[in-house]
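Below: the structure, in structure tokens.
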Amino acid sequence: MWVGHRTVSDVELYTARAGNPADPPLLVIHGGPDWDHTYLRTPLDRLADSKHLLLPYLRGCGRSARDLPAESYRPDAVVADLLAILDDLGIGATDVLGFSYGGLLAQRLAVTAPGCVRRLIIASSSILPIPPDSYRDWPERNALAAAETAVWSDPAIAGPERTRAAALAGARANIWRAEALPELFERLHAVWFSAEWDRARRSGLLPSARLEDPVRSLARTEIPILLLHGRNDMIFPYRDTVELLTDLLRITTHEARRRIEYAAPQPRTRSRKVWRVLAAAS
């Protein structure tokens with residue numbers, strides 16, 4: 001079902017594709033960033049009947065170029081990579097789904113090249129900066145997250161094995177339903193982890209992927225945005241999404257003529273609330 005595509009810009013990039021190229025494209029940006037996209041292939045492959053799915057490996061990840069200079073791992077470089085992939089495939093505009101860290105990269109793509117993004121989905125990620133005390137009153141979450149923190153500070157583990165160990169240690173904080181853990185572990189064992197972005201971070205060369213003044217920057221693009229956020233998210237605080245909606249509502253009135261709709265989710269989904277931010281007609 002999945003076929004590979006090779007793009008060469010200033011680095012070599014690989015993208016997994018599925019579906020009919022004549023169908024509307026959906027570009028999916030994985031998180032990590034030192035992961036690959038394989039953990040997202042299912043259930044996204046269910047969309048292949050109606051979407052042309054594009055799942056690139058970020059630079060430094062999966063089959064894309066590795067062993068680059070540490071300063072090459074920058075969010076803006078990824079945006080340039082994604083635009084190069086779209087250009088190579090002859091795609092002028094696409095829907096974009098960014099998951100976790102990929103959600104931050106997706107925002108940068110939308111602001112940098114709004115004409116290339118038809119609609120934007122930000123899943124299990126955030127737009128606003130995360131306050132340091134966001135989880136102060138949630139000891140259960142802090143105990144679970146401590147396991148992953150301990151791995152990152154362990155000098156006995158390094159390279160891709162540290163990334164893998166951190167992912168496995170942090171699994172319980174990354175999923176709410178305990179019965180889904182076995183499937184998550186199965187997916188994690190299939191991921192081809194790297195440590196390229198961590199190398200840049202430890203060298204002090206990795207800039208933040210967050211936008212400056214993200215709310216207004218995104219609103220100015222007038223791109224329809226769907227925010228997918230679980231109430232029990234232990235990585236990106238759910239309440240920040242609620243605060244974001246307040247900011248967007250204020251911008252709706254005075255700047256961007258946008259409207260906000262609430263959509264009730266289906267039962268048993270991790271996302272207890274789904275917020276749709278849709279561009280209103282000018």
* For side chain to side chain contact (heavy atoms under 4.5 Å, CB included), just list the numbers for Thr38 and Trp2, CA-CA rounded to whole Å, side-chain angles, deciding distance to a tenth of an Å, and then say yes or no. => CA-CA 11 Å; Thr38 54; Trp2 295 94; over 6 Å; no

Nearest atoms (heavy-atom pairs only) where [X] meets [Y]:
| X | Y | answer |
| --- | --- | --- |
| Pro237 | Tyr135 | N-OH, 3.1 Å |
| Ala200 | Tyr73 | CB-CB, 4.0 Å |
| Ser50 | Asp23 | O-CB, 3.5 Å |
| Pro182 | Glu179 | CD-O, 3.5 Å |
| Ala150 | Ser153 | O-OG, 3.1 Å |
| Arg199 | Ala70 | NH1-N, 3.5 Å |

* To do: Give a yes or no on whether the ring-centroid distance for His37 and Tyr57 is below 6.0 angstrom.
  => yes

State yes or no: do [X] and [Y] share one hydrophobic cluster built from I, L, V, M, F, W and Y residues joined by side-chain heavy-atom distances below 4.5 Å, directly or via other members?
| X | Y | value |
| --- | --- | --- |
| Val28 | Val3 | no |
| Trp197 | Val11 | yes |
| Leu58 | Tyr14 | no |
| Leu44 | Trp35 | yes |
| Ile130 | Ile235 | yes |

Are side-chain heavy atoms of [X] and [Y] found at a separation under 4.5 Å?
| X | Y | result |
| --- | --- | --- |
| Leu226 | Leu120 | no |
| Tyr101 | His30 | no |
| Ile121 | Ile225 | no |
| His5 | Asp88 | yes |
| Arg162 | Val151 | yes |
| His229 | Phe236 | yes |
| Leu82 | Ile29 | yes |
| Pro56 | Leu27 | yes |

* For Arg201, does the CZ atom sit with more than 12 other heavy atoms under 6.0 Å from it, leaving out its own atoms? -> yes

* Asked: For atom CD of Glu186, is the number of surrounding heavy atoms from other residues, nucleotides or ligands below 6.0 Å larger than 12?
  -> no

When rounded to the nearest 0.5 angstrom, what distance separates [atom1] in [X] from [atom2] in [Y]?
| X | Y | atom1 | atom2 | answer |
| --- | --- | --- | --- | --- |
| Ile85 | Ile91 | CD1 | CD1 | 10.0 Å |
| Ser126 | Leu227 | OG | CG | 10.5 Å |
| Ser208 | Leu211 | OG | CG | 8.5 Å |
| Leu40 | Asp45 | CG | CG | 11.0 Å |
| Leu53 | Leu26 | CG | CG | 6.0 Å |
| Leu168 | Leu184 | CG | CG | 8.5 Å |

Please tabulate, one pair per line, all N/O donor-acceptor pairs under 3.5 Å involving side-chain atoms of residues 188-195, not counting sequence neighbours.
unit_1 : atom_1 : unit_2 : atom_2 : d
Ser194 : OG     : Asp34  : OD1    : 3.0
Ser194 : OG     : Gly60  : O      : 2.8

Please check if the side chain of [X] supplies one atom and the backbone of [Y] the other of a donor-acceptor pair under 3.5 Å.
| X | Y | answer |
| --- | --- | --- |
| Thr221 | Ile223 | yes |
| Gln107 | Gly103 | yes |
| Thr112 | Leu109 | no |
| Arg172 | Ala169 | no |
| Glu196 | Asp67 | yes |
| Ser125 | Ile122 | no |
| Ser203 | Leu205 | no |
| Thr94 | Pro25 | yes |
| Asn174 | Gly170 | yes |
| Arg59 | Ser72 | yes |

Could you tell me whether [X] and [Y] have a side-chain N and a carboxylate O separated by less than 4.0 Å?
| X | Y | value |
| --- | --- | --- |
| Arg63 | Asp36 | no |
| Asp233 | Arg141 | no |
| Asp76 | Arg108 | yes |
| Arg118 | Asp95 | yes |

* Could you go step by step and tell me if Leu181 and Ile175 meet the side chain to side chain contact (heavy atoms under 4.5 Å, CB included) rule? -> CA-CA 7 Å; Leu181 272 174; Ile175 196 163; 3.5 Å; yes

* To do: Please assess Met234 against Leu144 for the test side chain to side chain contact (heavy atoms under 4.5 Å, CB included), listing each intermediate value before the final yes or no.
  => CA-CA 9 Å; Met234 299 186 187; Leu144 293 172; 3.8 Å; yes

* To do: List the steps and the verdict of side chain to side chain contact (heavy atoms under 4.5 Å, CB included) for Leu104 and Arg210.
  => CA-CA 6 Å; Leu104 302 178; Arg210 293 192 178 277; 3.8 Å; yes

